[in-house]
Amino acid sequence: MTIYIDEAAESLDPATSHPRFVSLAPPRFYSATDDFAPFGSDDGNDAFRDMEAWYEQRHDAADPSEFLSELLAGWGYELPADVLDLSNSQLLALVAENETHEPRLIAVARACIATAVGQLKIEGVVAPSMQRAGRTGVRILRCLHGDTTRYPDWSHRANALAGLDAVEVMLDAVQEANLPRP
């Protein structure tokens with residue numbers, strides 16, 4: 001299997017991305033500075049770069065959901081074990097209960113998105129487990145960013161939600177195409 005890995009010191013580039021990713025990714029997905037792009041936030045970029053290194057050390061049958069589990073466990077956030085399965089109302093209650101949970105939830109959600117989209121960039125596919133992870137990340141961020149009760153005048157809401165829409169469009173296209181492993 002051919003994998004597409006960028007040089008760590010270089011920006012993401014279509015020339016070093018799987019052709020399927022190139023055909024589906026909007027220009028903002030190559031940004032390492034757009035906080036609302038999969039690899040633009042510190043959390044998303046770190047998760048993606050760690051994933052690239054993980055791919056370089058693994059064999060062809062490696063399961064990227066194992067990488068994501070190891071990454072999140074290594075972060076050691078004090079969040080409920082079932083945090084990815086919480087309903088939107090439970091997520092908002094968790095944040096209301098303890099404000100330190102919000103940046104941790106955002107980091108976890110960004111890592112879920114970055115690894116799902118990252119698999120497409122590196123391998124040209126998104127495994128069902130990574131589809132679920134990516135969609136879970138989108139749902140969590142949509143819940144937190146869309147909640148107007150805590151930050152009613154947040155000036156980045158529309159841009160944040162547009163970034164999530166772009167991720168969903170990509171995940172939908174990959175799922176609908178049911179792309180086989182190259």
Side-chain angles (χ1 to χ4, degrees), residues 24-26 28-29 31-52 54 63-122 125-176:
L24 296 171
R28 78 184 298 176
F29 279 30
S31 174
T33 59
D34 178 349
D35 274 343
F36 308 115
F39 315 124
S41 67
D42 288 343
D43 304 311
N45 194 287
D46 289 350
F48 174 67
R49 294 304 185 169
D50 288 350
M51 184 181 197
E52 285 183 315
W54 179 86
D63 180 359
S65 64
E66 292 174 12
F67 164 78
L68 179 60
S69 294
E70 292 169 11
L71 176 74
L72 297 180
W75 284 357
Y77 291 153
E78 294 180 16
L79 292 168
D82 64 345
V83 70
L84 297 178
D85 298 321
L86 296 179
S87 69
N88 288 356
S89 60
Q90 290 171 317
L91 289 169
L92 294 174
L94 184 67
V95 169
E97 170 190 310
N98 183 339
E99 288 182 2
T100 64
H101 289 322
E102 183 176 20
R104 293 172 182 163
L105 283 169
I106 289 171
V108 166
R110 286 176 171 171
C112 288
I113 291 168
T115 54
V117 175
Q119 185 185 19
L120 183 63
K121 189 205 173 297
I122 294 168
V125 297
V126 183
S129 61
M130 296 311 296
Q131 274 275 350
R132 284 188 298 281
R135 291 182 188 283
T136 297
V138 167
R139 181 185 62 79
I140 290 171
L141 289 181
R142 191 175 299 284
C143 171
L144 296 175
H145 293 335
D147 178 34
T148 59
T149 59
R150 291 173 302 116
Y151 309 108
D153 299 322
W154 187 44
S155 62
H156 302 287
R157 188 176 327 279
N159 193 20
L161 296 174
L164 296 172
D165 290 344
V167 171
E168 282 187 318
V169 166
M170 175 180 270
L171 292 175
D172 288 346
V174 171
Q175 186 173 17
E176 288 172 16

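Taking 4.0 Å as the cut-off between side-chain N and carboxylate O, Arg142 and Asp165 count as a salt-bridged pair. Under 4.0 Å is where a charged nitrogen must lie from a carboxylate oxygen, and between Arg110 and Asp46 no such pair does.
Leu161 places a side-chain heavy atom less than 4.5 Å from the side chain of Arg157. Counting heavy atoms from C-beta on, the side chains of Asp43 and Val108 never come closer than 4.5 Å. Under the 4.5 Å side-chain criterion, counting only non-hydrogen atoms from C-beta, Tyr77 is not in contact with His101. Between Val174 and Val125, every side-chain heavy-atom pair lies at or beyond the 4.5 Å cut-off.
Here the shortest heavy-atom pairing between Val167 and Pro38 reads CG2-CG, 3.9 Å. Taking every heavy atom of both residues into account, Ala114 and Gly44 meet most closely at CB-O, 3.4 Å. Of all non-hydrogen atoms in Ala173 and Leu24, the two that sit nearest each other are CB-CD2, 3.8 Å. What you find for Leu71 and Ala47 is that their closest heavy atoms are CD2-CB, 3.7 Å. Across all non-hydrogen atoms, the minimal contact from Phe48 to Ile122 is CE1-CD1, 3.9 Å. Across every non-hydrogen atom of Asp172 and Arg135, the tightest pair is OD1-NH2, 2.8 Å.
Ring planes of Trp154 and His145: tilted class, angle from 30 to 60°.
Considering CG of Asp35 and CG of Asn159, their distance stands at 9.5 Å, rounded to 0.5 Å. Note that the OG atom of Ser31 and the CG atom of Asn45 stand 9.0 Å from one another [nearest 0.5 Å]. Distance check, rounded to the nearest 0.5 Å: CG of Leu86 to SG of Cys143 gives 10.0 Å. With rounding to the nearest 0.5 Å, the separation of CE in Met51 from CZ in Phe39 is 8.5 Å. The OG1 atom of Thr115 sits 11.0 Å away from atom CG of Asp50, with the distance rounded to the nearest 0.5 Å. Going from atom CG of Leu79 over to atom CH2 of Trp75 covers 11.0 Å, rounded to the nearest 0.5 Å.
Residues satisfying the salt bridge (charged side-chain N to carboxylate O under 4.0 Å, His left out) test with Arg104, not counting sequence neighbours, are none. Taking the side chain to side chain contact (heavy atoms under 4.5 Å, CB included) definition, one finds that Ala25 meets it with Phe21, Phe29, Tyr30, Met170, sequence neighbours left out. Taking the side chain to side chain contact (heavy atoms under 4.5 Å, CB included) definition, one finds that Ala109 meets it with Ile140, Leu141, sequence neighbours left out.
Tested against Ser65, the residues Glu70, Met130, Gln119 include a single side-chain contact (heavy atoms from CB on, under 4.5 Å) partner, Met130.
A side-chain N or O of Thr149 and one of Asp147 form a donor-acceptor pair less than 3.5 Å apart. Using modelled atom types, one finds no donor on one side chain facing an acceptor on the other under 3.5 Å when comparing Glu66 with Ser69.
More than 12 heavy atoms of other residues, nucleotides or ligands shown are found within 6.0 angstrom of CG on Asn98.
Not a single donor-acceptor pair under 3.5 Å links the side chain of Gln131 to the backbone N or O of Pro128. At distances below 3.5 Å, not a single donor-acceptor pair connects side-chain atoms of Arg28 with backbone N or O atoms of Ala166. Side chain of Arg139 to backbone of Gly134: no donor-acceptor contact under 3.5 angstrom is found.
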(request) Begin from the C-alpha positions of Glu102 and Arg150 and carry the test salt bridge (charged side-chain N to carboxylate O under 4.0 Å, His left out) through to its verdict. (result) CA-CA 11 Å; Glu102 183 176 20; Arg150 291 173 302 116; 2.7 Å; yes
(request) Test Val117 against Val126 for side-chain contact (heavy atoms from CB on, under 4.5 Å), laying out the working first. (result) CA-CA 7 Å; Val117 175; Val126 183; over 6 Å; no
